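Input: a single structure, listed below in structure tokens.
Since this is a predicted model, take the numbers as computed values, not measurements. In what follows, every heavy atom counts, from backbone to side chain, and hydrogens, waters and symmetry copies are set aside.
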Amino acid sequence: EAGVAQSPRYKIIEKRQSVAFWCNPISGHATLYWYQQILGQGPKLLIQFQNNGVVDDSQLPKDRFSAERLKGVDSTLKIQPAKLEDSAVYLCASSKFVRNTGELFFGEGSRLTVL
Amino acid sequence: AQKITQTQPGMFVQEKEAVTLDCTYDTSDQSYGLFWYKQPSSGEMIFLIYQGSYDEQNATEGRYSLNFQKARKSANLVISASQLGDSAMYFCAMREGDGGYQKVTFGTGTKLQVIP
């Protein structure tokens, strides 16, 4: 079974530029998560999708971040314009929607450096 | 209030010894779950162990066990017979919610270093 795929693995941009990250979850996983992990901190949930609907985006800075999950499969996370504090690893994860279980499977992450 | 609290930023353990990593949580849900993940320096998040709130026995997976004390709202990870490869960041996480969606929140992590 293929794991969660993310790209690009690394991206360096200047502040005020834009960037997009892509995630393809494990086949059949209804739930998709985007987490932001700043160096030395735990992952922070940015947005969560159930199929192609958003169920939680309370911590997504909506003035600059956007995300979509078309057709309930793969997803893109965009930052425009980027700020220095957006430097982080962006982790995509997916899980089956199963009551009382639901281990998250993570991709390798996309490391963003904003100069 | 923090949903997940890990009070140990860093821990050292001698190789082959056991170590306990602390985790306390805060939720008003009756049904929830607790996870531990390992993150080596390479960055990937590796699932270690899961405990459901209704599970009566502590979860075990090989050298990993979860010491679940529901009344104290703690879910400590015990690693027995530490190995050099256990050196990594360890994150405690909680799944809350029922019905339509479940939210997973992570703690700030504990950096474990295994000494030869």
State the [atom1]-[atom2] distance between [X] and [Y], to the nearest 0.5 angstrom.
X       : Y        : atom1 : atom2 : answer
A:Ser58 : B:Lys103 : OG    : NZ    : 4.5 Å
A:Gln37 : B:Gln39  : CD    : CD    : 4.0 Å
A:Leu91 : B:Phe106 : CG    : CZ    : 8.5 Å

Practice problem: Tell me whether A:Phe49 is reachable from A:Phe65 by hopping between hydrophobic residues (I, L, V, M, F, W, Y) whose side-chain heavy atoms are closer than 4.5 Å. | Solution: yes
More than 12 heavy atoms of other groups within 6.0 Å of [X] [atom1]:
X        : atom1 : result
B:Lys73  : NZ    : yes
A:Glu108 : CD    : no
A:Glu85  : CD    : yes
B:Leu84  : CG    : yes
B:Lys70  : NZ    : yes

Quiz item: What closest approach, in Å, do A:Gly42 and B:Phe91 show between heavy atoms, and which atom pair accounts for it?
Solution: CA-CE2, 3.3 Å
Quiz prompt | Closest non-hydrogen atom pair, B:Phe35 against A:Glu103 | solution = CE2-CA, 3.6 Å
Exercise. Return yes if some donor-acceptor pair links the side-chain N/O of A:Tyr33 with the main-chain N/O of B:Val104 below 3.5 Å, else return no.
Key: no
Quiz item: In terms of heavy-atom pairs under 4.5 Å with chain B, which of A:Gln48, A:Lys44, A:Arg111, A:Gln41 leads?
Solution: A:Gln48
